[in-house]
Asker: 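Below you'll find the structure I mean.
Chain naming here is simple, since letters A, B, ... match the order of the sequence lines and numbering starts at 1 in each. Computation of the quantities below employed the complete heavy-atom set of this structure, encompassing side-chain atoms and omitting hydrogens, waters and symmetry-equivalent molecules.
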Number of protein chains: 2
Amino acid sequence: MKEGKPATIKEIARRLKISPSTVSRALNDHPSIGLVTTMRVKKVAAEMNYEPNQTAIFFKQRKTFTVGVVLPSLSEPFFSAAISEIENVANERNYTVIMGQSLDDADRELRILQTLKTHRVDGVLMSIGKNTRDYPFIELLEAAGIPIVFFDCVPDLNTINRVVSDLETGMLEAIDIFVSCGHLAISLINGPVLLPASIERKKAYLKGLSKCGIPFREEYIVNTDLTPEGNEAAISQLLALSDRPSAVVSFNDYVALDVMKTVRQKGLALNQDIHFISYANYPLWKYMENPPMASIEQFPGEQGKKAAELLFELIDAVERPEPVKVVFKSRLVNQVS
Amino acid sequence: MKEGKPATIKEIARRLKISPSTVSRALNDHPSIGLVTTMRVKKVAAEMNYEPNQTAIFFKQRKTFTVGVVLPSLSEPFFSAAISEIENVANERNYTVIMGQSLDDADRELRILQTLKTHRVDGVLMSIGKNTRDYPFIELLEAAGIPIVFFDCVPDLNTINRVVSDLETGMLEAIDIFVSCGHLAISLINGPVLLPASIERKKAYLKGLSKCGIPFREEYIVNTDLTPEGNEAAISQLLALSDRPSAVVSFNDYVALDVMKTVRQKGLALNQDIHFISYANYPLWKYMENPPMASIEQFPGEQGKKAAELLFELIDAVERPEPVKVVFKSRLVNQVS
DNA sequence: CTGTTAGCGCGTTCAA
DNA sequence: TTGAACGCGCTAACAG
């Protein structure tokens, strides 16, 4: 009944006048231990309020049953949806999850990875920050034999495991539906020019146009730095055109929110004078009076889940397998009209 | 250069033909080691790519520099805002954060706490689930000497450390502003009757009414189970009244979203026929065409931050201090009119 | 089936 | 200023 320090194997061994290893084996249901002694040991263990000292076990087994998750932000809906699923998968397998947020700061990101390494996590899930240019952490973890799976925002390398969304499919669908509604002046409000995510969107946009036989007009692509001001500037630029677009695909729902607000303020009618589709499928559209025509869903939860499952495969693998690439096709959802 | 296993203290000792303990001390800048040897040791350590084995250190020091965070859900904006701040505080102090989500399942919640205990976390931050009726985990952690700080959704006990929001202040402000706008028929859409959060809201609502000299009408309080259907039923009930309310305080923004949608569908004009204020301050109101009049902010980030700081004080404390209770006054924000 | 011994990597006495 | 020895709690190799 002494609540002070939890009992150790040694103590319960002494109490039963048997050896510590027998106790250890009994507690772990080792086949070579007699049923009776196993029972006796377990009984006394319970009485003495025994709890295995995991830190000792981690130390001995060289395994921590812990995975690290590194994300740009924990409060962003996309990532919190992902991490929620990741926690689920880990929980099922009796792993714990350590998390860190880089806040798009490459130094902080690296520091977190360092910490995870010294904590001897068994694996890492990661989505890199916007400002991460090179990836020293890859060989850092590689050298320590810690498998890593990237998702969503991933380094552009073929040598790594990654789960990403294919932004093209959704974009093609979006343009298709715009065209089938009679729109020909279709614009793209893209993110920062250099961002891989922007480049991919632009490529998909161009492909979508050409598939529908719509000529590309340079002035129909504008960029935003993703700040509210940038978003507003971007839409203003489009609206100022002599033949302003009647349909717009925007970088993501956050951009769309700003943009649509500006449009309203300028006295234009949403879903009438001008129509929107954007990436991300913010879950609240359904409550709005004039939501975008549709959203391009990227399935953050599913991505996180898949990435986690992949990671656990790697952790359990004996041989290091070839790098895996899993692609989630983005899809148009929430069509309102 | 062997990338296989990281070097150990022993190895670098052998390489330098000195004792492991000297190496250990040198690495930790022990004052009693000569400057030269310290330098030599550090140099060789770097060469051999030495990394301290944290699991060994945790084991020996009986300290893991890890805190656990247990929340109902990781994907809910309120909690992800909190956890983001918690991670920040922990990161500053070189602690890592393990997290688990209970999904309002009391069993899962308990299991997570068990896990945290066996992982020997140095402290726990927790917001309990809606279905948690009793708190076996409190003495569980108590017995293990693990300090715990509750926040937001906390057990109703005086013996625990907790950070909570005072729901009353915001409610009083809300009713005040409603009244000053000429509303007398002020209604409350509350959550489940038994939920402490509901009870508190009701109490505040009654107090607010009486402060303004408005008689309480039983039929002006309705309850929802917080599902979309429940929310819709609640508002329908109010709208069906012969003298329906012109102002409504709702349990939270999610309820308000459903409710306002229903109101729109019934052809009533938001912010004209009927006005809303709700708890939680969902960050997207500013984008909506007809947002609620105001929101009652509960400061999730600040709560999380404060709770984390409190926890670290407890972790560092030598003596176990008296239970602390910190209250964040809720406040009306985002007034549109 | 069970006990003995050894050691994981580190910090920390105690002696020199 | 340094080294030798020990032990944290547990598991595993090797006896018996």
Asker: Find the distance A/K17:NZ to C/dT4:P and express it as a whole number of Å.
Answerer: 14 Å
Asker: B/K60 has an atom NZ; how far is it from atom P of C/dT13, in whole Å?
Answerer: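 Whole-Å distance recorded here is 8 Å.
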Asker: Of all the nucleotides listed (D/dA12, D/dG3, D/dC10), which has the minimum atom distance to the side chain of A/A56?
Answerer: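 The closest nucleotide is D/dC10.
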Asker: Tell me which nucleotide among D/dC10, D/dT11, D/dG3 gets nearest to the side chain of A/S24.
Answerer: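 It is D/dT11.
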Asker: Does B/R25 make a side-chain donor-acceptor contact with the base of D/dG3, cut-off 3.5 Å?
Answerer: yes
Asker: Using a distance-only criterion (donor-acceptor N/O pair, under 3.5 Å, no hydrogens), is the base of D/dT2 paired with the side chain of B/T37?
Answerer: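 Per atom types, no contact qualifies.
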Asker: Is a donor from one side chain sitting under 3.5 angstrom from an acceptor on the other, for A/T96 and A/T66?
Answerer: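 Result is yes, a qualifying pair exists.
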Asker: What's the closest nucleotide to the side chain of B/I9 if the choices are D/dT2, C/dC10, D/dA12?
Answerer: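 The answer is C/dC10.
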Asker: The side chain of B/S32 lies closest to which of these nucleotides: C/dC1, D/dT2, D/dG7?
Answerer: D/dT2
Asker: When the distance from CD of A/E51 to C1' of D/dC8 is rounded to whole Å, what number comes out?
Answerer: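 Spelled out: CD on A/E51 to C1' on D/dC8 is 18 Å.
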Asker: Under 4.0 Å, heavy atoms only, any strand: does B/P52 hit a base, just the sugar-phosphate, or nothing?
Answerer: sugar-phosphate
Asker: It should be established whether B/S19 places a side-chain nitrogen or oxygen under 4.0 Å from OP1 or OP2 of nucleotide D/dT2.
Answerer: no
Asker: Can you measure A/Q54 atom CD to C/dC8 atom C1' for me and round it to whole angstrom units?
Answerer: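 That distance rounds to 16 Å.
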Asker: Please say whether the positively charged group of A/K60, taken as NZ for Lys or CZ for Arg, lies over the ring of A/F58, i.e. under 6.0 angstrom from the six-membered ring centre and within 45 degrees of the axis.
Answerer: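 Not satisfied by the 6.0 Å and 45° rule.
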Asker: Which sits closer to the 5' end of DNA chain D, B/R120 or B/I33, going by the nucleotide each is nearest to?
Answerer: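 Whichever sits nearer the 5' end wins; that is B/I33.
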Asker: Figure out the CE/P separation between B/M48 and C/dG9, and round it to whole Å.
Answerer: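 These atoms are roughly 13 Å apart.
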Asker: Determine, answering yes or no, if A/F59 is stacked on D/dC10 under the 5.5 Å centre rule and the 30° plane rule.
Answerer: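 Not stacked: fails the 5.5 Å / 30° test.
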Asker: Could you state the atom-to-atom distance from CD of B/Q61 to C1' of C/dT13 in whole Å?
Answerer: 14 Å
Asker: Looking at D/dG3, I'd like to know if its phosphate oxygens (OP1 or OP2) sit under 4.0 Å from a side-chain N or O belonging to B/T22.
Answerer: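 B/T22 to D/dG3 OP1/OP2: side-chain N or O found under 4.0 Å.
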Asker: Ion pair present between A/K306 and A/E85, side-chain N to carboxylate O less than 4.0 angstrom?
Answerer: no
Asker: Would you indicate whether the side-chain heavy atoms of A/V41 and A/I18 approach each other to under 4.5 Å?
Answerer: yes
Asker: Please state how far atom CG in A/L35 lies from atom C1' in C/dT2, giving the value in whole angstrom units.
Answerer: 15 Å
Asker: How is B/F58 classified with respect to the nucleic acid when contacts are heavy atoms under 4.0 Å: base, sugar-phosphate, or nothing?
Answerer: nothing
Asker: Which nucleotide, D/dT2, C/dC8, C/dC10, lies nearest any side-chain atom of A/R62?
Answerer: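 For A/R62, the side-chain atoms sit closest to C/dC8.
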Asker: Hey, does A/P52 have a side-chain heavy atom less than 4.5 Å from the side chain of A/L27?
Answerer: no
Asker: Can you check whether B/N28 has a side-chain N or O nearer than 4.0 Å to OP1 or OP2 of C/dG11?
Answerer: yes
Asker: Which part of the nucleic acid, if any, lies within reach of A/T55 when heavy atoms closer than 4.0 Å are counted: base, sugar-phosphate only, or nothing?
Answerer: nothing
Asker: Taking only side-chain N and O atoms of B/K10, does any of them lie within less than 4.0 angstrom of OP1 or OP2 on C/dG7?
Answerer: no
Asker: Could you walk me through whether A/L103 and A/R108 pass the side chain to side chain contact (heavy atoms under 4.5 Å, CB included) check?
Answerer: CA-CA 8 Å; A/L103 301 177; A/R108 178 164 174 167; 3.3 Å; yes
Asker: When the distance from CG of B/L27 to P of C/dT12 is rounded to whole Å, what number comes out?
Answerer: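 So the two atoms are 13 Å apart, to the nearest Å.
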